[in-house]
Amino acid sequence: MKRLFIILPLLGVCLTMAAQDSIANRQHNHANDTADVFFRHLKLNDVMVTGVTGDTKLKYSPAPVSIVSAQELRATASTNIVDAIAHQPGMSQLTTGSGISKPIIRGLGYNRVVVMSEGVRQEGQQWGDEHGVEVDGGSVGSVEILKGPASLMYGSDAMAGVVILHPQPAPAEGELRGSAATEYQTNNGLLGYSLNLGGNQQGFVWDARWSGKMAHAYKNKYDGYVPGSQFREMAGRLMMGLQKRWGYSRLTWTTFHQTPGIIEGERDAVTGELECSSVSPTSYSKFLPYQQVKHYKLVWDNSLNLPNGWVKAIIGYQQNRRQEFEEPHHHEHGDEAEEEHEHEEHGGDLEPALFFKLHTLTYDLRYLTHEFGGWKLSAGLQGMWQQSQNLGEEFLIPAYHLFDVGLYTTVSKQLDRWTLNGGVRVDHRHLSSEELMEDGVKRFTDFSRNFNGMTGSVGAVWNMTDHLNLRLNVARGFRAPNMSELGSNGSHEGALRYELGNQQLKPEYSLQADLGLDFTSRYVSAQIALFANRIDNYIFLKGEGREIDRHPVYSYTQGDARLLGFEAGIDFHPVHSLHFENTFSYVDARQLHQPDASKYLPYTPAPRWTSELKWELLHHHHPTLGAHSHHLHHAKGLSADNLYLAAGLECYLKQNHVYAVDDTETATPSYTLLNLSAGTDLTWKDRKVAELYVTADNLLNRAYQSHLSRLKYADVNTVTGRQGVYNMGRNITVKLVVPFSIL
């Protein structure tokens, strides 16, 4: 907590300076224009977020929320959608190579974070270390990150927060628009493209997208190329519907296919080099071992306008097919290359070792009122049904059925400069497993459990001035144990351990308090969000000190935990074209009543400081008129508009608060990454014809290991003494987006 006491006084000084600046600014006649210019960066006045009573302005949200715009997503270099947002304050990612990322919010992840896509919760075996989020980043229009318990609106599993992936808004009446995007990354040779076309004719709306991506193995200074880090990806989306004065009705179908390699991290005992197959590390072909993930989704989204409010109904069906292919055990070592080549040539006819097939049906019915006398009310019914099947030759968790239902009601009241809101919710979840006999031995038993929870939240926002806001929120979260925690009995190859479930686990409950303060002015903005979270019955893995099938055995158990931390940021913008932005994220996560080796929660992100100096060299639009304003000059040919240059630092402090039992985690030293980026709109005769972005990540080619990388714990290099696989080295990304619109 020493870091906390150092940062807070500094931020207090900044807020005091900013407050003095605000008093002076009010004396300017153009204060309103200035506020509009700045709010465009802080996104308080004009951005709508998901509140406890429906959509509300970010300015009036009591809980901490981060917004990532479509332009920010396009300008960011990433290998998946979680990677694109992982640098937001309070946000991190747990990675397994370059293609798989899991969202971590304030030190909590896995089934404690809900990801919403196309209006429904994304369900794809998210309990696994090497299981990513099966969503095409090209189809995401913007991202909303809710930090803190959101069980009131989203039920079980939203204990850490929610990541909402919003699609692009529907085209305006009479509009036909589209885009073509392509990118290339130098480190792993990533080639990506995304094609989009959509329209709106007399209220009939439609949108179609097809995306593809492939990358060979990435490389770094210590490991060279990392075999198994290659991946392929293809995705499609089709939306059709009606958008009328009475509301809208839309049907959306998405498909996502990904073939990520599996990084085993095994090394040659003599040379210390990573062992690789006969396939070239720069090959885009798949080779054993690898995963094959297919995710299909069909969503029917409806909204009906009523005189005093509106009714929303969303029904979604998802099917997740996750297969893992391994090297056959019967071949001789000399035939390995031949078998891999044969597997590639025949399109992958091997039987999968692991094969999970998950069916999910979600439903959400809610009623929301318009504002009347400062009041807004809402009530809803939501839940899901699931069936998980084991269709492979190896098993980790039992097949199971799940039924989930929740009822909630919320209320909001606007009082001059105060916004008050809150609500309550009740949940019921039924979970039952299927028995499995293997070679005459009972591998899984049939059992059923029922979990009931009551949650709620209460919050307030005080808009003390037009520039200063104070936020307070208290929320209770709820999470029922998942089937991996209850019934596991098998080797988890991706996690390098044998896992045993515990059928007696109780549901987790959390109580979190959030206090936030944000300030905006002409020259300075500053924000701070503090949180304290207490979790009862926190579920975690504990080493047993024995092995099964050459893997250390870990079993699920429970205890109590508490998390303290904050996100702070300050942005100096002495002139509109220059920004110097700094953020700091910190979380201290501990298990209570535990010895030193196990008192810290695993997967806690290291304290992180980010700093960026951004200069907008050319900006031909009037700042308060938006993208549709006229240029201040008239170009005759090809020219650059909205050109910017940026230099950034990411400094990760040493993380020695680790879960040290059986070397489950080890300390991670500090490291700093230097990034450069530039972007511009290309215009032809005052008409935008393309967007061009160039990004250089890890410019100095620093060899480092993220504390949340599972590859840290691969084999030791016998020559250098270093353990594990390192993260990606220098990577330069070039991205071109060509939008078009036909009215």
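Since this is a predicted model, take the numbers as computed values, not measurements. Here, residue 1 is the first one in the sequence, and each next residue gets the next number.
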Report task. Drop me the distance from E72's CD to S69's OG, to the nearest 0.5 angstrom. Result -> 3.5 Å

Query raised in the report: Would you call the rings of F519 and H467 parallel, tilted or perpendicular if under 30° counts as parallel and over 60° as perpendicular?
Result: tilted

Report task. Say whether, by atom type as modelled, one donor and one acceptor occur between the side chain of T680 and the main chain of D641 under 3.5 angstrom. Result -> yes

Requested in this report: Spell out, as yes or no, whether a donor-acceptor pair under 3.5 Å connects the side chain of R232 to the backbone of G212.
Outcome: no

Report task. For the residue pair V725 and D715, establish whether any side-chain heavy-atom pair is separated by less than 4.5 Å. Result -> no

Query raised in the report: Is there side-chain contact between Y218 and D223, with heavy atoms separated by less than 4.5 Å?
Result: no

**Report entry** Minimum heavy-atom distance H707-T604, with the two atoms named
**Finding:** CD2-O, 3.1 Å

Query raised in the report: S61 and R471: side-chain hydrogen bond (donor to acceptor under 3.5 Å, both in side chains), yes or no, with the steps?
Result: CA-CA 8 Å; S61 173; R471 310 170 192 274; 5.2 Å; no

Query - N187 (side chain) donor-acceptor with R730 (main chain) under 3.5 angstrom - result: yes

Query raised in the report: Is there a side-chain contact (heavy atoms from CB on, under 4.5 Å) between V737 and E183 once you walk through the steps?
Result: CA-CA 9 Å; V737 181; E183 67 175 310; over 6 Å; no

Requested in this report: Report the C-alpha distance between N469 and D518 in whole Å, list the side-chain angles of each, state the deciding distance to 0.1 Å, and finish with yes or no for side-chain hydrogen bond (donor to acceptor under 3.5 Å, both in side chains).
Outcome: CA-CA 5 Å; N469 303 301; D518 56 70; 2.9 Å; yes

**Report entry** Side-chain heavy atoms of Q230 within contact of F287, under 4.5 Å
**Finding:** yes

Report task. Keeping the roles fixed (side chain from K147, backbone from P89), state whether a donor-acceptor pair exists under 3.5 Å. Result -> yes

Query - Minimum heavy-atom distance between A646 and E612, given as atom pair plus value - result: CB-OE2, 3.8 Å

Report task. First locate atom OG1 of T610, then atom CD of Q88, and finally report the distance between them rounded to the nearest 0.5 Å. Result -> 9.0 Å

Query raised in the report: Quick check: does any side chain N or O of S585 sit under 3.5 Å from a backbone N or O of A568, one acting as donor and the other as acceptor?
Result: no

Query raised in the report: What's the spacing between L146 CG and M116 CE if we round to 0.5 Å?
Result: 10.5 Å

Report task. Could you give me the CA-CA distance, side-chain angles and deciding distance for L682 and L638, then say whether side-chain contact (heavy atoms from CB on, under 4.5 Å) is met? Result -> CA-CA 7 Å; L682 300 177; L638 186 66; 4.2 Å; yes

Query - Side-chain touch I100/N80, heavy atoms, less than 4.5 angstrom - result: no

Query raised in the report: Is the backbone of I262 close enough, under 3.5 Å, to the side chain of Q291 for a donor and an acceptor to pair up by distance?
Result: no

Requested in this report: Kindly indicate whether the side chain of V135, heavy atoms from C-beta on, has any atom under 4.5 Å from the side chain of F256.
Outcome: no

Query raised in the report: Could you state the interatomic distance from CZ (R608) to OG (S670), rounded to the nearest 0.5 Å?
Result: 15.5 Å

Requested in this report: Start with the C-alpha gap between E567 and T583, add the side-chain angles, then the distance that decides, and say whether side-chain contact (heavy atoms from CB on, under 4.5 Å) holds.
Outcome: CA-CA 7 Å; E567 298 95 42; T583 68; over 6 Å; no

Query - Residue pair I263 / T96, side-chain heavy-atom distance below 4.5 Å - result: no

Query raised in the report: Parallel, tilted or perpendicular: which describes the rings of Y644 and Y693, with under 30° parallel and over 60° perpendicular?
Result: tilted

Query raised in the report: Between Y603 and Y110, how do the two ring planes meet: parallel, tilted or perpendicular, split at 30° and 60°?
Result: tilted

Query raised in the report: Looking only at heavy atoms, which two atoms of S229 and A217 are closest? And how far apart?
Result: OG-CA, 3.2 Å

Report summary line: Note: G124 and E134 closest approach over all heavy atoms is O-OE2, 3.2 Å

Report task. Give me the ring orientation class for H576 and H579: parallel if the planes are under 30° apart, tilted from 30 to 60°, perpendicular past 60°. Result -> perpendicular

Query raised in the report: Would you say the side-chain atoms of K735 pair up with the backbone N or O of A181, donor to acceptor, closer than 3.5 Å?
Result: no

Query raised in the report: Under the side-chain contact (heavy atoms from CB on, under 4.5 Å) criterion, do N698 and N727 qualify, and how do the steps go?
Result: CA-CA 10 Å; N698 192 7; N727 286 70; over 6 Å; no

Query raised in the report: Is a side-chain N or O of Q705 found less than 3.5 angstrom from the main chain of Q723, in a donor-acceptor match?
Result: yes

Query raised in the report: How many angstroms lie between atom CG of L673 and atom CG of N701, to the nearest 0.5 angstrom?
Result: 10.5 Å

Query raised in the report: Is the closest side-chain heavy-atom distance between L649 and L674 below 4.5 Å?
Result: yes

Requested in this report: Please check if the side chain of K213 supplies one atom and the backbone of S194 the other of a donor-acceptor pair under 3.5 Å.
Outcome: no

Query - Min side-chain heavy-atom separation Q168-N196 under 4.5 Å - result: yes

Report summary line: Rounded to the nearest 0.5 angstrom, the CZ-NE2 distance for F231 and H216 is 11.0 Å

Report task. Mark yes or no for whether S677, through its side chain, and T695, through its backbone, hold a donor-acceptor pair below 3.5 Å. Result -> no

Query - Heavy-atom closest pair, residues R702 and T672 - result: NH1-N, 3.6 Å

Requested in this report: Go through the steps for Y652 and Y704 under the test ring-ring contact (aromatic ring centres under 6.0 Å, His included), then give the verdict.
Outcome: CA-CA 10 Å; Y652 293 80; Y704 72 97; 7.5 Å; no

Query raised in the report: How close do I105 and V163 get, heavy atom to heavy atom, and via which atoms?
Result: CD1-CG2, 4.1 Å

